[in-house]
S.K.: 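Take a look at the following structure, please.
Counting begins at 1 with the first residue of the sequence.
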Amino acid sequence: MTLLLLLLIPVVAAVLLPLLSGEANRVRAAALAAALAQVAVGLWLWQHPPVELSLRWLPQLGLQLDLGLDGLSLPLVLMAALLTAMAILATPADQNRPRLFFALLLATNVGLVGSFVARNALLFVLAYELILIPTTLLVAIWGGPRRSTAAIRFLLYGAISGIALLAAVMAFGWLQGGGLDFSFAALAHHSLTPTQQRWILALVLLAFGLKLPVVPLHGWQPLTYSQAPTPVAMMLAGAVSKLGAYGLLRFGVAFLPDAWSAWSGWIAAVGAISAMYGALNAVAQLDMRRLVAYSSLGHMGFLLLALAAATPLSLQGVMAQMLAHGLIIALLFCLVGLIEIKTGSSEIPELSGLLNAQRGLPFTMGLMLLALMAAAGVPGQAGFVAELLVFEGSWVAYPWPTLVCLVSSGLTAVYAVRLFNRVGFGRLDNARANWASTSWTERAPALVLTALVVLGGLWPSALTGFSETDTAPLALRSSDAVTVIATSTPQELNA
């Protein structure tokens, strides 16, 4: 029953927060306590893996409350819970309408965690759709100047994604015969024809490609990420987008392996295009928020490439990249939000000299440097470990798309150096440079995320160790060439 606590804690908190009286800080403290309690439950489950929970709900529709955790879902549950806590902590102390704001953040968490622990496809769809409502409201009410346009676009793309996923799941239930059974066990042992698998896979690719997103399904992403308030952007880019990769791994690679193998060449090509498109657009941006948004789009291309390759090593890379990128992109949005609060702008041409020790924001820029290095895949940080696994595991299957992604990874260093050089160095504008220094409370979420990013680089097994036994059986191709190199002695290699 501990599995239910993962969902009950944020549900109860989201319901009770609007009834809480007091100042915004008190409301934020209550929301943070709920998020940290969920993190504690997740850590306890990490040490004491639960058995699956199955409760009858609507058996006539094939809907049961089937919950469970494995190596694919538990790390993502922990990351979602942690990012929820960091997003709450990153919310300004003077947040307007705090009860509704934090209740919607916790509702987003319920949908995320519910999706990751679901072991019934119809239950997964319900949790997946739940995310759309609170996130749209968060963007529409607390977003930037173009929040209405961003929210409408996000809602439309999200609705199409949900409809496509529902159609795919219903097709699974109707076409495999034997009654409506949407359990993951039934979907993994279906008897669909190759044509039926291809049609269902097309719907799955549409649904989760919109959620990641990837080119050309990314129309909502740059505007929504740039207009969303900082805590919401942290959740969207760090956790919600990973639901797209998780869905492709669970529904595409695991449930439709034959169709996935047949289309994997095209999927790898789309991943390479997305990576290069995101990197080139990030280089051209003059706004930090949009730069980070396009950076995220490019790194989603790495995920798609690794999923297409589907070797044992590349699937480990998928899990590592989801965790590493989730932490890094949340850290970047957190730091950009801090700079925007203190300076009143996220426009790169309007900012310079923030490394100035007296009147700048040197501590924040120091953390920004570490975050940009992690995004660029500098050794010693989580991004390097993840990208190394992705590229080495994918090279065996798709060398040319991997080469394109490697070049796009190099471009990450270009826009990272450009951003830091223009914002960190140079002369301060004497008419504007009277900014207050960041407090330790404001720095806290960035410090926690930075520590985890560095820890992931120094302790790589934290990113892959728990999921390795679950990704290996899903591999559709062998990585014998990689395995031989990794396990051979120097004498054997010389021979």
Side-chain angles (χ1 to χ4, degrees), residues 39 42-43 45-47 49 69-83 85-86 112 116 212 234 237-246 248-250 253 295-296 298-307 309-332 370-395 402 405 409 412 448-475 479 482-483 486:
V39 172
L43 291 173
L45 290 173
W46 186 14
Q47 297 298 320
L69 286 173
D70 58 13
L72 304 183
S73 55
L74 179 54
L76 296 174
V77 166
L78 283 169
M79 185 178 71
L82 176 71
L83 291 184
M86 295 303 101
L112 273 169
F116 291 135
L212 265 173
M234 292 170 63
V240 175
S241 65
K242 305 309 174 289
L243 191 54
Y246 173 80
L248 289 174
L249 179 60
R250 182 74 77 179
V253 177
S295 169
S296 179
H299 283 82
M300 294 303 96
F302 299 168
L303 278 173
L304 201 60
L305 169 69
L307 286 164
T311 64
L313 199 59
S314 76
L315 293 183
Q316 288 183 51
V318 169
M319 293 302 301
Q321 178 71 356
M322 282 195 283
L323 297 173
H325 180 266
L327 297 173
I328 293 168
I329 204 68
L331 174 59
L332 283 169
L370 287 172
L372 291 172
M373 291 169 61
V378 173
Q381 302 196 54
F384 171 77
V385 175
E387 291 183 18
L388 181 64
L389 289 171
V390 167
F391 296 147
E392 191 172 357
S394 302
W395 181 267
T402 304
C405 288
S409 179
T412 305
V448 172
L449 292 171
T450 300
L452 291 173
V453 168
V454 174
L455 180 63
L458 300 178
W459 184 32
S461 61
L463 300 175
T464 61
F466 196 81
S467 59
E468 184 177 356
T469 56
D470 290 277
T471 55
L474 301 181
S479 51
V482 176
T483 304

S.K.: Any chance you could measure Leu372, atom CG, to Gln381, atom CD, to the nearest 0.5 Å?
M.R.: 10.0 Å
S.K.: Sequence neighbours excluded, which residues qualify as side chain to side chain contact (heavy atoms under 4.5 Å, CB included) partners of Val253?
M.R.: Leu249, Trp260, Leu307, Leu474, Leu476
S.K.: Less than 3.5 Å apart, which donor and acceptor atoms pair up between the side chains of residues 315-329 and the rest of the protein, not counting sequence neighbours?
M.R.:
unit_1 : atom_1 : unit_2 : atom_2 : d
His325 : ND1    : Lys242 : NZ     : 3.0

S.K.: Kindly compute the distance separating CG (Leu112) from CG (Leu243), expressed to the nearest 0.5 Å.
M.R.: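 Answer for the CG-CG pair, Leu112 versus Leu243, is 6.5 Å.
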S.K.: Quick one, Leu449 with Leu83, criterion side-chain contact (heavy atoms from CB on, under 4.5 Å). Give me CA distance, side-chain angles, the key distance, then yes/no.
M.R.: CA-CA 9 Å; Leu449 292 171; Leu83 291 184; 3.8 Å; yes
S.K.: Please give me the minimum heavy-atom distance between Ala376 and Thr412, naming the atom from each residue.
M.R.: CA-CG2, 3.5 Å
S.K.: For the pair Ser314 (side chain) and Ala306 (backbone), establish whether a donor and an acceptor sit closer than 3.5 Å, ignoring hydrogens and angles.
M.R.: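 Yes, because the side chain of Ser314 sits within donor-acceptor range (under 3.5 Å) of the backbone of Ala306.
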S.K.: Of all the heavy-atom pairs spanning Met79 and Gly238, show the shortest one and how long it is.
M.R.: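 Smallest interatomic distance, heavy atoms only, reads CE-O, 3.4 Å.
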S.K.: Decide side-chain contact (heavy atoms from CB on, under 4.5 Å) for Leu69 and Leu45; before the verdict, give the C-alpha distance in whole Å, the side-chain angles of both, and the deciding distance to 0.1 Å.
M.R.: CA-CA 9 Å; Leu69 286 173; Leu45 290 173; 3.8 Å; yes
S.K.: Only pairs under 3.5 Å count here: list side-chain donor-acceptor contacts from residues 459-472, not counting sequence neighbours, and write none if there are none.
M.R.:
unit_1 : atom_1 : unit_2 : atom_2 : d
Trp459 : NE1    : Ser461 : OG     : 2.6
Ser467 : OG     : Thr464 : O      : 3.3
Asp470 : OD2    : Gly71  : N      : 3.0
Thr471 : OG1    : Ser467 : O      : 3.3
Thr471 : OG1    : Glu468 : O      : 3.2

S.K.: If you apply the rule side-chain contact (heavy atoms from CB on, under 4.5 Å), what do you find for Leu248 with Leu303, and how did you get there?
M.R.: CA-CA 10 Å; Leu248 289 174; Leu303 278 173; over 6 Å; no
S.K.: Which residues satisfy the side-chain hydrogen bond (donor to acceptor under 3.5 Å, both in side chains) test with Ser295, sequence neighbours excluded?
M.R.: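 Testing Ser295 for side-chain hydrogen bond (donor to acceptor under 3.5 Å, both in side chains), a comparison that skips the adjacent residues, returns Tyr415.
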S.K.: Which residues satisfy the side chain to side chain contact (heavy atoms under 4.5 Å, CB included) test with Phe391, sequence neighbours excluded?
M.R.: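 Side chain to side chain contact (heavy atoms under 4.5 Å, CB included) check on Phe391 returns Phe302, Glu387, Thr402, Cys405, Leu406, Ser409.
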S.K.: Ignoring hydrogens, what is the shortest heavy-atom contact between Leu72 and Leu76? Give both atom names and the distance.
M.R.: O-CD1, 3.4 Å
S.K.: Write out all pairs satisfying salt bridge (Lys or Arg N to Asp or Glu O under 4.0 Å) with one or both partners inside residues 316-327, taking only residues at least two apart or from two chains.
M.R.: none
S.K.: Could you tell me which residues satisfy side-chain hydrogen bond (donor to acceptor under 3.5 Å, both in side chains) with Ser73, sequence neighbours excluded, listed by chain and number?
M.R.: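 Listed in chain order: Asp70, Arg119.
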S.K.: Give the minimum heavy-atom separation between Leu313 and Leu389, together with the two atoms involved.
M.R.: CD1-CD2, 3.6 Å
S.K.: So which atom in Trp46 and which in Leu74 form the shortest heavy-atom distance, rounded to 0.1 Å?
M.R.: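 Heavy-atom minimum between the residues: CA-CD2, 3.6 Å.
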S.K.: What are the two closest heavy atoms between Met300 and Ser241, and how far apart are they?
M.R.: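 Looking at all heavy atoms of both residues, the shortest contact is SD-OG, 4.3 Å.
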